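Remember, it's 1-based here, ligands and their atoms both numbered in the order they're listed. Given the structure is predicted, the values throughout are model-derived calculations rather than measurements.
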Amino acid sequence: MAKQSKIIITAAITGATHTPSLSPYFPSTPEQIIKDAVEAHKAGAAVVHIHARDPKDCSPTPDINIMRKIVTSIKEQCNAVVCITTGGAVWMSSEQRLAPAVELKPELASCNAGSVNFVFADLAAKIKNPKFDWEIPYLQHTNELVFTNTFTGLEYYLKTMNEHGMRPEFEVYDVGMVNNIAYFKEKGLVKGPVYLQFVMGILGGIPATVDNLAYLVKTAREQIGDFVWSCAAAGKAQFPMVTTALAMGGNARVGLEDNLYLKPGVLAKSSAEQVIQIKEIAERLGLEIANADEAREILDLKGIEQVNY
Ligand code: KMH
Ligand code: ZN
């Protein structure tokens, strides 16, 4: 596969981990998610990764109509590549998680490449006066849950994505998941180019270290062969890891889904602030930033005119 000429910056906007009381800048209503995504794109993010949240209480929701409203408004305001989540929240069923992507048929959709403990209970201790009653029990409950992605589920997700021309963005939380992707590639269910998002530092997954990132990339080269890759990391590991990824020839994911801070002790006022910071770092490394259409080229996406929203 030809060396990538420009790097893809992804902005993951809201996710299903952080809750509104953890930061006054956290985008947790549909309007705030739309605004943060469009600003992040204007700041240099070719791709925006989108989860839906309920306007009533800012909680993660599988509601297709809310997701449609968010991605439609983003499309009306810019030509960013929208990556719709199929991970949703840890408590959602496999069907609930996949339904928005099936209905809206985006160019890119996340595909979580295996099961993992996905624990962020310790965040609860940071909330003194919760805005909503659900926040603290929601965070603490992750101690009880497993983020389930069975082989049957993965096969169903891949067949569904292939059927609707969606490119899977494989979320890889640990090295065993590289082998899972290789297994489904062998079965002919993974169509090229293979796009890996190494999501590091989740409690339950691979720790966010440089050695581990090198190990993930090495294992993927051995098991998968050609692939495009990107790196994201939780919390304070975010910028050290995504900077390392750029130096290693990878791409970068930032955004308030993964980290609420711009630097230790300084809350980020938007995902765009993190995009601007990683863009500066990339340019100092002599790298050029791909715009949305160049990202479409690199990932061989079906095109924004082919989506169903
Ligand atoms: N919220 C996590 C449980 C995805 O977007 O596909 C999963 C997640 C991954 O955010
Ligand atoms: Zn996500």
Nearest non-hydrogen protein atom, [atom]:
| atom | value |
| --- | --- |
| atom 6 (O) of ligand 1 | Ser110 OG, 2.6 Å |
| atom 2 (C) of ligand 1 | Phe118 CZ, 3.6 Å |
| atom 3 (C) of ligand 1 | Val90 CG2, 3.7 Å |
| atom 4 (C) of ligand 1 | Thr85 OG1, 3.2 Å |
| atom 1 (N) of ligand 1 | Gly88 O, 3.0 Å |

Could you establish whether [X] and ligand 1 come within less than 4.0 Å of each other, counting only heavy atoms on the residue side?
| X | value |
| --- | --- |
| Tyr173 | yes |
| Pro60 | no |
| Arg97 | no |

Could you list the atoms of ligand 1 found under 4.0 angstrom from a heavy atom of [X]?
| X | value |
| --- | --- |
| Glu257 | 10 (O) |
| Gly87 | 4 (C), 6 (O) |
| Ala16 | 1 (N) |

- the Zn ion (ligand 2) to His49: nearest N/O/S atom name: NE2
- Looking at the Zn ion (ligand 2), which N/O/S atom of Glu257 is the nearest one? OE2
- Item | For ligand 1, the portion of Asn112 having any non-hydrogen atom under 4.0 Å away | side chain
- Query: Considering only heavy atoms, does Trp91 approach ligand 1 within less than 4.0 Å through its side chain, its backbone, both, or neither?
  - Reply: neither
Do [X] and [Y] have side-chain N/O donor and acceptor atoms under 3.5 Å apart?
| X | Y | value |
| --- | --- | --- |
| Ser230 | Gln197 | yes |
| Gln77 | Ser73 | yes |
| Asp57 | Ser59 | yes |
| Asn149 | Tyr157 | no |

- Cationic tip of Lys105 above Tyr309 ring, under 6.0 Å, 45° of axis: no
- Task: For this output row, return yes or no: ring centroids of Trp229 and Tyr195 closer than 6.0 angstrom.
- Result: no
- Note on the structure: Which of His41, Lys42, Lys35 passes side-chain hydrogen bond (donor to acceptor under 3.5 Å, both in side chains) with Glu39? Answer is Lys35
- Item | Residue among His49, Gln274, Arg253 satisfying side-chain hydrogen bond (donor to acceptor under 3.5 Å, both in side chains) with Asp258 | Arg253
- Message: Donor-acceptor pair, distance only, cut-off 3.5 Å: does the side chain of Gln277 make one with the backbone of Leu262?
- Response: yes
- Message: His49 versus ligand 1: do any nitrogen or oxygen atoms come within less than 3.5 Å of each other?
- Response: yes
- Can you name the one residue among Thr17, Val146, Leu145 that meets side chain to side chain contact (heavy atoms under 4.5 Å, CB included) with Val90? Leu145
